Amino acid sequence: MAILTRKAILEAQDLARQTINVPKWGGEVIIQEMTAAQRLEFERLIMDDENSVRLLLVAFCAVDEAGELLFTPEDVRKLALS
């Protein structure tokens, strides 16, 4: 097994992704693991409002095909209405 370099570790594309069907929205959404920075921000936000945990998970994990987040934390209120 090869010894990894600093560069190889930092450039690794290691966030798992899964495409899931969301019939309520009429299509599929790609869900990706959060980065460490995203997890820290998520944890900070759920301390402020524990009722929004599931919606915050969607905001921090739903991505487009390029891996960019679809929603911002500010979108959580809009998601609650959908």
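Since the structure is predicted, the reported quantities are computational estimates derived from the model, not experimental observations. Every heavy atom of this structure was used, including side-chain atoms; hydrogens, water molecules and symmetry mates were not.
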What residues form a side chain to side chain donor-acceptor pair (under 3.5 Å) with E41, not counting sequence neighbours?
-> R44
Looking at side-chain heavy atoms only, is the closest gap between M34 and C61 below 4.5 Å?
-> yes
Who passes side-chain contact (heavy atoms from CB on, under 4.5 Å) against A59, sequence neighbours left out?
-> F71, V76
Rest of the hydrophobic cluster containing L69 (Ile/Leu/Val/Met/Phe/Trp/Tyr, side-chain heavy atoms under 4.5 Å)?
-> I30, V63
Residue list, side-chain contact (heavy atoms from CB on, under 4.5 Å) with L4, at least two apart or on another chain = A8, I9
In Å and rounded to the nearest 0.5 Å, what is the CD1 to CH2 distance from I20 to W25?
-> 8.0 Å
Using residues 12-19 as the side-chain source, report each donor-acceptor pair under 3.5 Å to any protein atom, sequence neighbours left out, with the distance given to one decimal.
{"unit_1": "R17", "atom_1": "NE", "unit_2": "Q32", "atom_2": "OE1", "d": "2.7"}
{"unit_1": "R17", "atom_1": "NH1", "unit_2": "E65", "atom_2": "O", "d": "3.2"}
{"unit_1": "R17", "atom_1": "NH2", "unit_2": "Q32", "atom_2": "OE1", "d": "3.3"}

Remaining members of the apolar cluster that contains L40, side-chain heavy atoms under 4.5 Å = none
Shortest non-hydrogen contact between F42 and L56, atoms and distance | CE1-CB, 3.5 Å
Who passes side chain to side chain donor-acceptor pair (under 3.5 Å) against T72, sequence neighbours left out?
-> E74, D75
The salt bridge (charged side-chain N to carboxylate O under 4.0 Å, His left out) partners of E28 (sequence neighbours excluded) come to none
